Amino acid sequence: MPELPEVETVRRGLEPRVLNKTIQAITVHYLPMIRPLSLDVFKARLIGKTIAAMRRRGKYLVFDLSDIILLVHLRMEGKFYLGDETTPKMTHEHIRYTFTDGSVLIYHDVRKFGTHTIKEVDALETTHPFINLGYEPSDIRLTATYLKNKLKTDRKIKTVLLDQSIILGLGNIYVDEVLFCAKIRPTTRAKRVSLKKCRSIIACSQKVISKAIQLGGSSIRSYTDSLGISGLFQNELNVHMREGELCYTCQTPIKKIKVNGRGTYYCSKCQQY
DNA sequence: CCGAATTCCTGTTGGC
DNA sequence: TGCCAACAGGAATTCG
């Protein structure tokens with residue numbers, strides 16, 4: 001499940017290898033994955049375009065194609081592989097971009113949740129989904145006051161931190177780790193979280209995410225041979241996937257519960273409120 | 001308007 | 001051993 005650190009790792013691995021390449025052909029095996037849904041339009045707009053840069057925003061990958069943008073979301077299991085014309089079609093290959101130099105970029109996604117969307121450059125920031133996105137953990141505009149204001153809700157703090165319109169990039173793994181770091185119980189109502197704890201959430205988000213990027217993300221239930229998905233942060237996890245194991249801080253067994261349908265791990269002693 | 005539940009999808013896991 | 005329901009979850013959509 002790629003979250004911000006995994007997506008950033010993919011971007012860093014991919015950008016130098018696709019930069020300045022020009023799309024010559026596209027094969028799509030699963031139509032619902034592309035926007036616009038029309039294969040003819042999708043192809044017509046992309047073919048002939050050159051990759052001028054690759055960026056990331058939250059969990060989105062942005063391919064700058066000079067005058068338009070290809071916006072990719074990996075969702076749960078999206079992965080990129082590089083190959084050439086002789087590379088056989090993979091089992092879960094859904095989209096293949098062939099470049100004029102003969103190399104190919106393959107999009108692989110077991111659960112078919114990912115999306116590839118064409119956007120106008122001018123419309124990117126002013127339309128869905130970017131118009132509703134919050135701040136990156138590293139953004140200086142992400143202040144305790146801003147966060148406190150966003151927490152005026154009855155929802156649980158974990159649910160709110162997963163909401164991409166507030167803080168960008170946290171998914172189910174890192175939100176558990178951030179809440180452990182900030183010593184807040186995932187089920188605590190957002191409106192009960194103090195300004196001081198907001199400061200802590202922000203500091204912990206920056207700390208956890210930057211450390212995870214340094215280590216190339218986490219490899220949980222993931223293959224290790226695709227681009228960028230061979231991280232080591234899974235060895236740094238304090239609570240996620242550690243049900244029944246002892247807290248490194250206080251030796252209390254880690255608990256697992258459900259929060260809004262999501263598997264949630266926490267230490268009942270370190271995270272009291 | 002708000003928040004919870006459902007939906008998309010398929011490989012893996014656990015119970016019987 | 002084999003079968004099958006339950007499970008995993010980001011974000012859009014539907015429901016109450």
Side-chain angles (χ1 to χ4, degrees), chain A residues 1-11 28-37 56-62 71-80 89-95 107-117 119 124 127-134 136-137 149-179 186-193 205 209 212 217-226 229 234 237 239-244 256-266:
Chain A
M1 53 214 82
E3 302 176 28
L4 194 159
E6 289 75 30
V7 178
E8 177 60 21
T9 302
V10 170
R11 190 195 69 76
V28 178
H29 297 102
Y30 184 69
L31 270 175
M33 191 162 271
I34 62 169
R35 297 288 187 285
L37 286 164
R56 177 195 59 73
R57 177 82 163 276
K59 303 175 195 171
Y60 288 91
L61 280 171
V62 181
L71 193 57
V72 174
H73 198 302
L74 306 172
R75 292 291 185 98
M76 313 302 306
E77 310 236 359
K79 296 173 182 68
F80 280 109
K89 181 182 175 294
M90 306 173 84
T91 303
H92 297 289
E93 172 180 336
H94 303 302
I95 304 177
Y107 181 72
H108 176 286
D109 191 339
V110 172
R111 292 191 216 174
K112 300 179 175 174
F113 277 4
T115 54
H116 292 219
T117 304
K119 299 287 288 183
L124 182 65
T127 61
H128 174 83
F130 277 25
I131 192 164
N132 293 318
L133 295 183
E136 295 276 327
N149 264 310
K150 294 287 189 182
L151 298 189
K152 295 173 178 171
T153 166
D154 288 326
R155 290 193 294 168
K156 293 165 181 155
I157 185 65
K158 170 164 179 173
T159 306
V160 177
L161 294 183
L162 286 171
D163 185 337
Q164 302 297 300
S165 71
I166 301 172
I167 298 184
L168 278 179
L170 299 181
N172 207 39
I173 296 174
Y174 295 108
V175 76
D176 281 359
E177 295 301 313
V178 166
L179 286 171
T187 50
T188 296
R189 298 292 157 172
K191 62 163 75 160
R192 304 287 172 215
V193 174
S205 298
I209 292 294
S218 303
S219 303
I220 291 182
R221 250 197 320 269
S222 227
Y223 309 132
T224 53
D225 61 346
S226 74
I229 307 294
Q234 67 275 15
L237 298 175
V239 289
H240 196 79
M241 297 286 282
R242 294 195 65 235
E243 181 181 17
K256 182 184 183 184
I257 58 171
K258 288 266 189 183
V259 174
N260 283 71
R262 303 280 181 258
T264 299
Y265 302 82
Y266 71 101

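Per chain, numbering begins at 1; letters A, B, ... match sequence-line order. Quantities reported herein were computed from a predicted structural model and do not represent experimental measurements.
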Fill in the blank from the handout: Taken to the nearest whole Å, CD/Glu243(A) to C1'/dA8(C) is 14 Å
Problem - Atom-to-atom span, OH of Tyr174(A) to C1' of dG9(C) - whole angstrom - result: 15 Å
Practice task
Take the protein atom NZ of Lys256(A) and the nucleotide atom C1' of dT13(B), then report the distance between them rounded to whole Å.
Solution key: 11 Å
Handout entry: Distance in angstrom units between Tyr265(A) OH and dC7(C) P, rounded
Key = 13 Å
Handout entry: Minimum side-chain heavy-atom gap Lys158(A)-Thr187(A) below 4.5 Å
Key = no
Problem - Pairwise side-chain contact, Leu4(A) with Glu136(A), heavy-atom cut-off 4.5 Å (strictly under) - result: yes
Exercise for the section: For the residue pair His94(A) and Asp109(A), confirm or rule out a side-chain donor-acceptor distance under 3.5 Å. Expected result: no
Handout entry: Passing option when Phe113(A) is tested against Met33(A), Arg75(A), Glu77(A) for side chain to side chain contact (heavy atoms under 4.5 Å, CB included)
Key = Arg75(A)
Problem - Exceeds 12 heavy-atom contacts within 6.0 angstrom, atom CZ of Arg189(A) - result: yes
Exercise for the section: Sequence neighbours left out, what passes side-chain hydrogen bond (donor to acceptor under 3.5 Å, both in side chains) with Thr159(A)? Give chain and number order. Expected result: Asn260(A)
Completion exercise
Sorted by number, residues from residues 151-161 of chain A placing a heavy atom under 4.0 Å from DNA chain C are none
Exercise for the section: Would you mind building the protein contact string for nucleotides 10-16 of chain C? One character per nucleotide, 5' to 3', B for base within reach (heavy atoms under 4.0 Å), S for sugar-phosphate only, - for untouched. Expected result: BBS----
Completion exercise
Looking only at dG9(C), dA8(C), dT10(B), the nucleotide nearest the Lys112(A) side chain is dT10(B)
Completion exercise
Separation of dG11(B) atom C1' from Lys79(A) atom NZ, nearest Å, is 11 Å
Exercise for the section: Report which part of the nucleic acid Gly263(A) touches: base, sugar-phosphate, or nothing (heavy-atom distance under 4.0 Å, all strands). Expected result: sugar-phosphate
Exercise for the section: Go through the structure and list residues passing ring-ring contact (aromatic ring centres under 6.0 Å, His included) with His116(A), not counting sequence neighbours. Expected result: Tyr97(A), Tyr107(A)
Problem - Atom pair distance, as rounded to whole Å: CE in Met241(A) and P in dT12(B) - result: 14 Å
Practice task
Classify the side chain of Arg111(A) and the base of dG11(B) as holding, or not holding, a donor-acceptor pair under 3.5 Å.
Solution key: no
Exercise for the section: Give a yes or no on whether the ring-centroid distance for His92(A) and His108(A) is below 6.0 angstrom. Expected result: yes
Exercise for the section: Identify the two heavy atoms, one from Val259(A) and one from Lys156(A), that lie closest to each other, and give their separation to 0.1 Å. Expected result: CG1-CD, 3.9 Å
Practice task
Please identify each residue that fulfils ring-ring contact (aromatic ring centres under 6.0 Å, His included) with Tyr60(A), with sequence neighbours left out.
Solution key: His73(A), Phe130(A)
Problem - Bracket notation of DNA chain B in which parentheses pair within the strand, [ ] cross earlier pairs, and | pairs with another strand (Watson-Crick or G-U, under 3.5 Å) - result: .|||||||||||||||
Problem - Beyond-backbone contact of Phe80(A) with Val10(A), side-chain heavy atoms, under 4.5 angstrom - result: yes
Handout entry: Whole-Å distance separating the CG atom of Asp109(A) from the P atom of dG9(C)
Key = 16 Å
Problem - Nucleotide dC9(B), atom P - distance to NE2 of His108(A) in whole Å - result: 17 Å
